[in-house]
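Below is one structure; the comments refer to it alone.
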Amino acid sequence: MVEVRVRAAAKINLHLGVGRLAADGYHPLVTVFQAVGLYDDVTVRDADAWRLDVTVADHIDAGGVPGEGNIVQLAARVLCAERAEAVSVEVAKAIPVAGGMGGGSADGAAALVALDRLWDLRTPDEELLAHAATLGSDVSFSLVGGTAVGTGRGEVLTSVADDATWWWVVVPSRTGLSTPAVYRHWDELFPAAADRPTGAEAVLAALATGRPSVLARALHNDLQPAAFDLRPDLKALIRLGESLGALKGIVSGSGPTCAFLAADAQGARLLADALRSAGHADAMACPAPVHGATVMTA
Ligand code: C5P
């Protein structure tokens, strides 16, 4: 194999229950991930020297993408520590950087799958998932996609049957929010938080109905107050989206991307148009759930 391209999707958290900071430096979570149709592509090729090129879509701040220590390089290291071959890597980013949509995690998952194929390692799925968890809390979900409950740090996954097609309008932000900073602020806001996060029963029951109006009422993100504090403009954005026809708006993960649930594809297109007309030029309609990391060329 001389070149492999793998596509991985963004995520939103339909439920994000956060428990008090644990001794390992992470917060115990109960979350429901859903993969949405907004993608990064990672292409790997045999090369004489290690090389990383990142190209970004118009709505992305290229300055936020790490060069040294990029998650793609870390993926290469965990996948095959002893391997000496250099690879050239191209990352084409459409998922917002530091946006709360798991963009870095998507790149890590795509890189694991691409390098596994390039080097013909045939790593068993369980091993790939274990590698993913070492790269970041959301990387495991980026591998599997669809809809899943995440516990632990978010890396312990149980797939959820989710047969409907949901339509979201995603509004990225030109400046990102640091995930650790949002969690730190949440610690300050809620020093007496319970050890155990709130459960996802309401969202799981709502998903089973297949009805967007029911899911809208169940969406929940414990990090939202912390994200609003750090970025007060997000509150106004959510109000705007809801006034323009969204069933419900939420901050995606640790933000600052906001996600608006629409009734159907047509509703999502109209809402994205309305948000763009209102000055949010990067508003995009996306279906969900979509697949995890997928080989596009072999
Ligand atoms: O696992 P990942 O590298 O994506 O996490 C980034 C940071 O987000 C962690 O260093 C931690 O500060 C915070 N985090 C957390 N609890 C989680 C997941 C992430 O506190 N469950």
Side-chain angles (χ1 to χ4, degrees), residues 9-18 29-39 95-96 99-102 105-106 138 141-142 144-151 154 157-172 197-225 227-228 234-235 237-275 280 283-292:
K11 61 84 186 166
I12 48 186
N13 302 79
L14 309 181
H15 174 90
L16 182 51
V18 180
L29 303 182
V30 173
T31 188
V32 180
F33 294 109
Q34 193 174 55
V36 299
L38 178 62
Y39 303 95
I95 307 174
M101 298 197 81
S105 303
D138 297 342
F141 176 71
S142 299
V144 301
T147 303
V149 175
T151 55
L157 298 174
T158 309
S159 285
V160 172
D162 184 10
D163 300 327
T165 299
W166 309 92
W167 281 90
W168 294 92
V169 174
V170 164
V171 182
T198 54
E201 294 78 10
V203 157
L204 295 175
L207 282 171
T209 69
R211 291 173 53 199
S213 59
V214 178
L215 181 60
R217 286 195 293 276
L219 296 171
H220 177 80
N221 181 358
D222 272 344
L223 289 181
Q224 191 158 292
F228 280 165
L234 300 182
K235 217 176 209 170
L237 170 57
I238 294 226
R239 267 201 302 266
L240 175 68
E242 291 178 347
S243 75
L244 292 173
L247 298 176
K248 177 85 182 166
I250 46 164
V251 171
S252 174
S254 55
T257 305
C258 290
F260 296 93
L261 185 61
D264 51 25
Q266 169 76 348
R269 268 193 295 274
L270 291 174
L271 176 60
D273 283 347
L275 280 162
H280 294 279
M284 287 171 276
C286 314
V290 297
H291 291 296

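The shown structure was predicted, so the numbers you read here are calculated from the model rather than taken from an experiment.
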Assess whether side chain to side chain contact (heavy atoms under 4.5 Å, CB included) is satisfied between K248 and E242, documenting all intermediate values.
CA-CA 6 Å; K248 177 85 182 166; E242 291 178 347; 3.8 Å; yes
Walk me through it: do L215 and L207 pass the test side chain to side chain contact (heavy atoms under 4.5 Å, CB included)?
CA-CA 6 Å; L215 181 60; L207 282 171; 4.1 Å; yes
Go through the steps for I95 and Y39 under the test side chain to side chain contact (heavy atoms under 4.5 Å, CB included), then give the verdict.
CA-CA 6 Å; I95 307 174; Y39 303 95; 5.6 Å; no
Can V160 and Q34 be said to form a side chain to side chain contact (heavy atoms under 4.5 Å, CB included), step by step?
CA-CA 10 Å; V160 172; Q34 193 174 55; over 6 Å; no
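Considering every non-hydrogen atom in both P212 and L247, the closest pair reads CB-CD1, 3.5 Å. In this structure, V36 and A9 approach most closely via the heavy-atom pair O-CB, 3.4 Å. Annotation for A148 and L157: closest pair CB-CD2, 4.4 Å, computed over non-hydrogen atoms. Considering all non-hydrogen atoms of both residues, S252 and N221 come closest at C-ND2, 4.4 Å. Here the shortest heavy-atom pairing between W166 and P289 reads CD1-CD, 4.0 Å. V171 approaches A283 most closely through the heavy-atom pair CG2-CB, 4.0 Å.
For F33, the ring pair (Phe, Tyr, Trp, His ring centres under 6.0 Å) partners are F141, not counting sequence neighbours.
Taking the side chain as every heavy atom from C-beta outward, F260 and L275 approach each other to under 4.5 Å. At a threshold of 4.5 Å between non-hydrogen side-chain atoms, the residues N13 and L223 do not count as touching. A 4.5 Å side-chain heavy-atom check between I250 and Q224 finds at least one atom pair inside the cut-off. Using a 4.5 Å heavy-atom cutoff, the side chains of L16 and H220 are not in contact. A 4.5 Å side-chain heavy-atom check between P96 and L38 finds at least one atom pair inside the cut-off.
Side chain of D222 to main chain of V18: a donor-acceptor pair is present (N/O by atom type, distance under 3.5 Å, no hydrogens or angles).
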